[in-house]
Amino acid sequence: MNWEPWTGCYPQSIGCTYCYFYGKYSKRHGQNQIVKTPDFNKPVVLQKNNQPKIASGKIVATCFGTDFFLPEADPWRKDAWKMIRQRPDLDFLILTKRIDRFEVSLPADWGEVYANVNLGVSVENQALADLRLPQFLSFPIKRRFVACTPLLGPIDLTAYIDQIDHVSVGGETGKEARECNLDWILALRQQCLDHEKTFWFKNTGSRFRCDGVLQKVNPYKQSSLAKSMNLNLLGETPLF
């Protein structure tokens, strides 16, 4: 289940260069203006039978087509937090490249730490992991995940992984996608295995190096190819 309370975005780091949402070859290329969407109130909208439009127990991917912590969304975020608070029966999944704005974007009652928020940070290479993760781990957050997507180089999470609940990994999709190497993925998987963390290999990306051979992978086959490699370490943990 997706919730996009606002739309529009612009580059924040190297991982945004060929963004599949707003990059040069995407349908949303040039949509840099941040605007509120008609779905803003989606978590609290009721159907004709007076039941919530989003049924209880769902995982709600929030702002996956933009960034929850964009400064342009500051006027609306307080109401977004209020809706999240009103639906403790849902798990809200928030992924950001702007963790530096987390503290200034919190609701007044965050001191209790919302139990229904899974907060994640994108790290595309080691430099960004070392930049974003110390700050990410310094904040009061109940459930944390790291998304190594698009994975653009080897990453060592050893210094941080004990404070992380889950790691997801994926390559870059698109005509100008940069290479993703299976060796980098296996190294991250081993780190999760060693520290008993869940791991999800989401997709290979469009240019996938496996056993020394660089493959071009059709966008519609990238997730199924990743799944077929049986690298996931998920147990009974919900997929996020």
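Because the structure is predicted, anything quoted here is derived from the model rather than measured. Residues: numbered from 1 along the sequence shown.
Using a 4.5 Å heavy-atom threshold, the side chains of Y114 and P88 count as separate. Side-chain contact check for P43 versus Q86: every heavy-atom pair is 4.5 Å or farther apart.
Using a distance-only test at 3.5 Å, with no hydrogens or angles considered, no donor-acceptor pair links the side chain of T158 to the main chain of D156. With hydrogens and angles ignored, the 3.5 Å screen pairs no side-chain donor or acceptor of K42 with any backbone N or O of I54. The backbone N or O of P52 sits nowhere less than 3.5 Å from a side-chain atom of R87 that would complete a donor-acceptor pair. The closest donor-acceptor contact from the side chain of Q191 to the backbone of L157 lies under 3.5 Å. Although no hydrogens or angles enter the test, the distance criterion places no donor-acceptor pair under 3.5 Å between the side chain of R189 and the main chain of N232. Of the possible donor and acceptor atoms, none in the side chain of D165 sits under 3.5 Å from a partner among the backbone N and O of F145. K78 contributes no side-chain N or O that, together with a main-chain N or O of A108, makes up a donor-acceptor pair within less than 3.5 Å. Distance alone, capped at 3.5 Å, places no donor-acceptor pair between the R85 side chain and the P107 backbone. Looking at E4, its side chain does come within 3.5 Å of a backbone N or O of F64 through a donor-acceptor pair. A donor-acceptor pair is defined here as one N or O able to donate and one able to accept, closer than 3.5 Å; no such pair exists between the side chain of S168 and the backbone of W200.
Checked by atom type, the side-chain pair T96/D67 shows a donor-acceptor distance below 3.5 Å. In summary, the side chains of D39 and T37 do not present any donor paired with an acceptor at a separation below 3.5 Å, with no hydrogens or angles considered.
Applying the 6.0 Å contact sphere to CD of Q47 captures more than 12 heavy atoms from other residues, nucleotides or ligands. Within 6.0 Å of atom CG in D194, more than 12 heavy atoms from other residues, nucleotides or ligands are found, so the atom counts as buried in its surroundings. A 6.0 Å sphere centred on CD of E103 holds no more than 12 heavy atoms belonging to other residues, nucleotides or ligands.
A cation-pi contact, defined as under 6.0 Å to the ring centre and within 45° of the axis, is absent between R132 and F139.
Taking the six-membered ring where the residue is Trp, W76 and W6 present tilted rings, their angle falling between 30° and 60°. The aromatic rings of F69 and W81 lie tilted to each other, with the angle between the two planes from 30° to 60°.
When hydrophobic clusters are built by joining Ile, Leu, Val, Met, Phe, Trp and Tyr residues whose side-chain heavy atoms come closer than 4.5 Å, directly or via intermediates, I185 is not grouped with L214.
In this view, Q135 satisfies the side chain to side chain donor-acceptor pair (under 3.5 Å) rule with no residue, not counting sequence neighbours. For E179, the salt bridge (Lys or Arg N to Asp or Glu O under 4.0 Å) partners at least two apart in sequence or on another chain are R209. In this view, R77 and D74 satisfy the salt bridge (Lys or Arg N to Asp or Glu O under 4.0 Å) rule, not counting sequence neighbours.
Salt bridge absent: K142 and E112 never bring a charged side-chain N and a carboxylate O closer than 4.0 Å.
Of the candidates D91, D89, V60, N116 forms a side-chain contact (heavy atoms from CB on, under 4.5 Å) with just one, namely D91.
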Candidate pair L137 and R144, rule side chain to side chain contact (heavy atoms under 4.5 Å, CB included), full reasoning: CA-CA 8 Å; L137 299 180; R144 311 172 198 265; 3.7 Å; yes
